[in-house]
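One structure is given below, encoded as structure tokens.
Note that this is a predicted model, so its numbers are computed, not measured. Every chain is numbered from 1, with letters handed out A, B, ... down the list of sequences.
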Number of protein chains: 2
Amino acid sequence: MAITIKDVAKQAGVSPATVSRVIADNPRISTKTKQKVREVMKTMGYYPNFQARNLVANKTQTLGVIMENSATLAFQNPFFPEVLRGISTQAHDSQYGLYLSTGATQEEIYQEVVEMVQGRRVDGIILLYSKVEDPVLAYLSESSLPFAVVGRPDKNSQSVSYVNNNNIQTAKETVEYLIELGHQHLAFVGGASDFVVSIDRLEGYKQALREHQIPFDANYIVNQDVIEGNERESIRRLMAHEVPPTAIVTHDDMVAYEVIGYLEDLEIGVPEDVSIIGFNNHTISKHLKPPLSTVDISIYELGLHATELVLEKITDESTPPKQVVVASRLIERGSCRRL
Amino acid sequence: MAITIKDVAKQAGVSPATVSRVIADNPRISTKTKQKVREVMKTMGYYPNFQARNLVANKTQTLGVIMENSATLAFQNPFFPEVLRGISTQAHDSQYGLYLSTGATQEEIYQEVVEMVQGRRVDGIILLYSKVEDPVLAYLSESSLPFAVVGRPDKNSQSVSYVNNNNIQTAKETVEYLIELGHQHLAFVGGASDFVVSIDRLEGYKQALREHQIPFDANYIVNQDVIEGNERESIRRLMAHEVPPTAIVTHDDMVAYEVIGYLEDLEIGVPEDVSIIGFNNHTISKHLKPPLSTVDISIYELGLHATELVLEKITDESTPPKQVVVASRLIERGSCRRL
DNA sequence: CTGAAAGCGCTTACAG
DNA sequence: CTGAAAGCGCTTACAG
């Protein structure tokens, strides 16, 4: 068995309580005793038992990270590693560990969260997505465990801590950028339609059209969840529209390139025939052909600030819910052209 | 405070020991008592305290996942999310949680691992990389904690459990594929030169040349760590070689596309002027231009089997070290041409 | 400045 | 079939 505080105590000729106080660097322990005990700890190779410590302190020093469909979708999406990088950095700075959800279905995830919370497996939770009518979010809101959301909650958002981009505004500006380039027929390829981020961006898209007196046409809207498994055909159909779009806004760079691939197979050139814009500014996008115009949404910062928010709440329960807006900006590259 | 076993016991009119046995579904407890206790647990919303349970069982039900430079490099590399997906799936099936390392430097990672092990924070560890003279691996080998490595350890490999591709063979076959297409001047863009995977692949590259009587030229070898921050210039220099290569093998699809970008800027076409091959078969590669010929190394399976190996070792300490080789296969697409 | 005792929330021989 | 007691490895009032 591993070395315990008792072994150290015996070896150093003090009580376990004293050893514990030395670990905590309690000022009431004499320097001499501290030195001796520390030496013994070192030579014996003592390390405090993490679980025992935390059981009495009633904390875990770990943060739960909940992702949508962890075993399948989330990992394909390059958003995930980048947001995790932000979380990881901040957590490490504060000596917190990360505990990842592994559930694959909505129901599994829910059960996992309940267990994390009730079983006191984590001190706080970061929810990596925000969707409409999400039971997980509802549950967290009821619980007293600190948590933060990456993305805007669909309701009562004032009462929860979250980090977000201003997705409505950003999408609006993106569309306006294309309108200014002379485009009047704009398609929108969004994420799953029950995600708040998709809803917000679609709203921004609509606002831009409205302000520029461009009629809205539902045939120009393609959501990831409805085309799942039928991507190629959906794009074909989109382009077969009576008046095909001259510009497409997609919700992710990798999706944009997938679309570009389908377009090229249809002998539709980018940006000659169709302009296209992505989101998320993946590292690789600037090296690919065409270099993709994209919206950088500061994914790393989303993770960083979400973590800050939970940690604040953990440190001081009375911290009021806080909302952080992270910058996003359009990066012009070579995938759009002026009409 | 949360509800404890005592609260349930009192409410149900039994002893805490009995409640504990009901939780464990101990057969010696009467069905009647079980029913009653379960009902009380349910109505009170009782959940076992994770840390308390594990303290007495001396286990944690969590697996440590150690990645190189977690906060920076690892996340950029699409290998990471995919291997994590494999780990995550397998861990979830066995009711294990995942605990991610967050250290950014070699030294930080080492400290984290020591703390995980000594502090009994995890039941086992998965090391996501294998590099030469790695103190982390040395430490794990000394410790008695179960662990598994993704990649071949540089020494004493028989004594550790690991999952690997046959990198030497795979690289050899990849190069031979190009040789058969008529290429005689082959460059190799590898990962960091202290990673065993890079070393093995380079070895395979050399073997292929040797068997086909092609002289080895060190100028054709470019390692990620030495060109770091100078990628563009390094590729320019590579192509400025007296006899420029007609084919390039790169260690990752995204790196391949980056290289292709630099080549195109130099007005060197792929595959017209230079053939190129990647590794890792990213989801997006088949949609990009040119569709990339690549080696699929079954990243998901690497993660899955590594997890299986640790779990076996956790379940039964006496399990001897085991090595698993995961398949890899060349996928021909449009980035190579016959000379 | 230090120790003995109680306690964190569980589990598990031992007794009955 | 069930309970009282001891214990997992720590921490922290309470006493001295």
Checklist line | Residue-level proximity of residues 9-16 of chain A to DNA chain C when a heavy atom falls under 4.0 Å | finding: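 Heavy-atom contacts with DNA chain C come from V14(A), S15(A).
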
Note to self: Test your reading of the model: is there a side-chain donor-acceptor pair from T18(A) to the backbone of V14(A), 3.5 Å cut-off?
What the structure shows: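 Here the side-chain-to-backbone pair does not exist.
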
Notebook entry, point to check: Taking only residues two or more places apart in sequence, or in another chain, which ones meet V136(B) in a side-chain contact (heavy atoms from CB on, under 4.5 Å)?
Noted result: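 I109(B), Y110(B), V113(B), L127(B), Y129(B), D134(B), L140(B).
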
Next item on the list: With sequence neighbours excluded, tell me which residues meet side-chain contact (heavy atoms from CB on, under 4.5 Å) with S20(B).
Entry: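 Testing S20(B) for side-chain contact (heavy atoms from CB on, under 4.5 Å), a comparison that skips the adjacent residues, returns I5(B).
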
In whole angstrom, give the distance that lies between atom [atom1] of [X] and atom [atom2] of [N].
X: L55(B); N: dG7(D); atom1: CG; atom2: C1'; answer: 9 Å
X: K6(B); N: dG3(D); atom1: NZ; atom2: P; answer: 16 Å
X: D25(B); N: dT12(C); atom1: CG; atom2: P; answer: 14 Å
X: I5(A); N: dG9(D); atom1: CD1; atom2: P; answer: 11 Å
X: R121(B); N: dC10(D); atom1: CZ; atom2: C1'; answer: 16 Å
X: Q118(B); N: dG9(D); atom1: CD; atom2: C1'; answer: 15 Å
X: N26(B); N: dC1(D); atom1: CG; atom2: C1'; answer: 10 Å
X: N54(A); N: dG9(D); atom1: CG; atom2: C1'; answer: 12 Å

Item checked: R85(A)/E82(A) ion pair, N-O < 4.0 Å ->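 Yes.
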
Notebook entry, point to check: Want to settle it: does R53(A) or P27(B) sit nearer the 5' end of DNA chain D, counting the closest nucleotide to each?
Noted result: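 The residue whose closest nucleotide sits nearer the 5' end is P27(B).
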
Next item on the list: Output all residues satisfying salt bridge (Lys or Arg N to Asp or Glu O under 4.0 Å) with K131(A), sequence neighbours left out; order by chain, then residue number.
Entry: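 Applying salt bridge (Lys or Arg N to Asp or Glu O under 4.0 Å) to K131(A) gives E68(A), D194(A).
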
Next item on the list: Sequence neighbours left out, what passes salt bridge (Lys or Arg N to Asp or Glu O under 4.0 Å) with D316(B)? Give chain and number order.
Entry: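 Checked D316(B) against salt bridge (Lys or Arg N to Asp or Glu O under 4.0 Å); zero matches.
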
Margin query: I need the full list of salt bridge (charged side-chain N to carboxylate O under 4.0 Å, His left out) pairs touching residues 5-24 of chain A, with sequence neighbours left out, sorted by first then second residue.
Written below: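 Salt bridge (charged side-chain N to carboxylate O under 4.0 Å, His left out) check on residues 5-24 of chain A returns no pairs.
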
Under 4.0 angstrom between [X] side-chain N/O and [N] OP1 or OP2:
X: S20(B); N: dT11(C); result: yes
X: S30(B); N: dT2(D); result: yes
X: T18(A); N: dT2(C); result: no

Check: If pairs are Watson-Crick or G-U with both distances under 3.5 Å, what is the dot-bracket string of DNA chain D, marking crossing pairs with [ ] and pairs to another strand with |?
Finding: |||.||||||||.|||

Checklist line | Neighbours of DNA chain D within residues 37-52 of chain A, by heavy-atom distance under 4.0 Å | finding: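 The stretch gives Y46(A), Y47(A), P48(A), N49(A), A52(A) as the residues lying under 4.0 Å from the strand, ordered by number.
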
Is the shortest heavy-atom distance from the side chain of [X] to the side chain of [Y] under 4.5 Å?
X: Y139(B); Y: V114(B); result: yes
X: P153(B); Y: L137(B); result: yes
X: D123(A); Y: P146(A); result: no
X: V132(B); Y: F195(B); result: no

Distances for protein N or O near nucleotides 13-16 of chain D N or O, under 3.5 Å:
residue : atom : partner : partner atom : Å
dA13(D) : N6   : R21(A)  : NH2          : 2.3

Note to self: With side chain to side chain donor-acceptor pair (under 3.5 Å) as the rule and sequence neighbours excluded, what pairs involving residues 301-311 of chain A come up?
What the structure shows: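 Residue pairs with at least one partner in residues 301-311 of chain A: H305(A)-E308(A).
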
When the side chains of residues 155-162 of chain B are checked against the rest of the protein, which donor-acceptor pairs come out under 3.5 Å, sequence neighbours left out?
residue : atom : partner : partner atom : Å
S159(B) : OG   : N156(B) : O            : 2.8
S161(B) : OG   : K322(B) : N            : 3.0

Which donor-acceptor pairs under 3.5 Å do the side chains of residues 48-57 of chain A make with protein atoms, sequence neighbours left out?
residue : atom : partner : partner atom : Å
N49(A)  : OD1  : Q51(A)  : N            : 2.8
N49(A)  : OD1  : A52(A)  : N            : 2.9
Q51(A)  : NE2  : K59(B)  : O            : 2.7

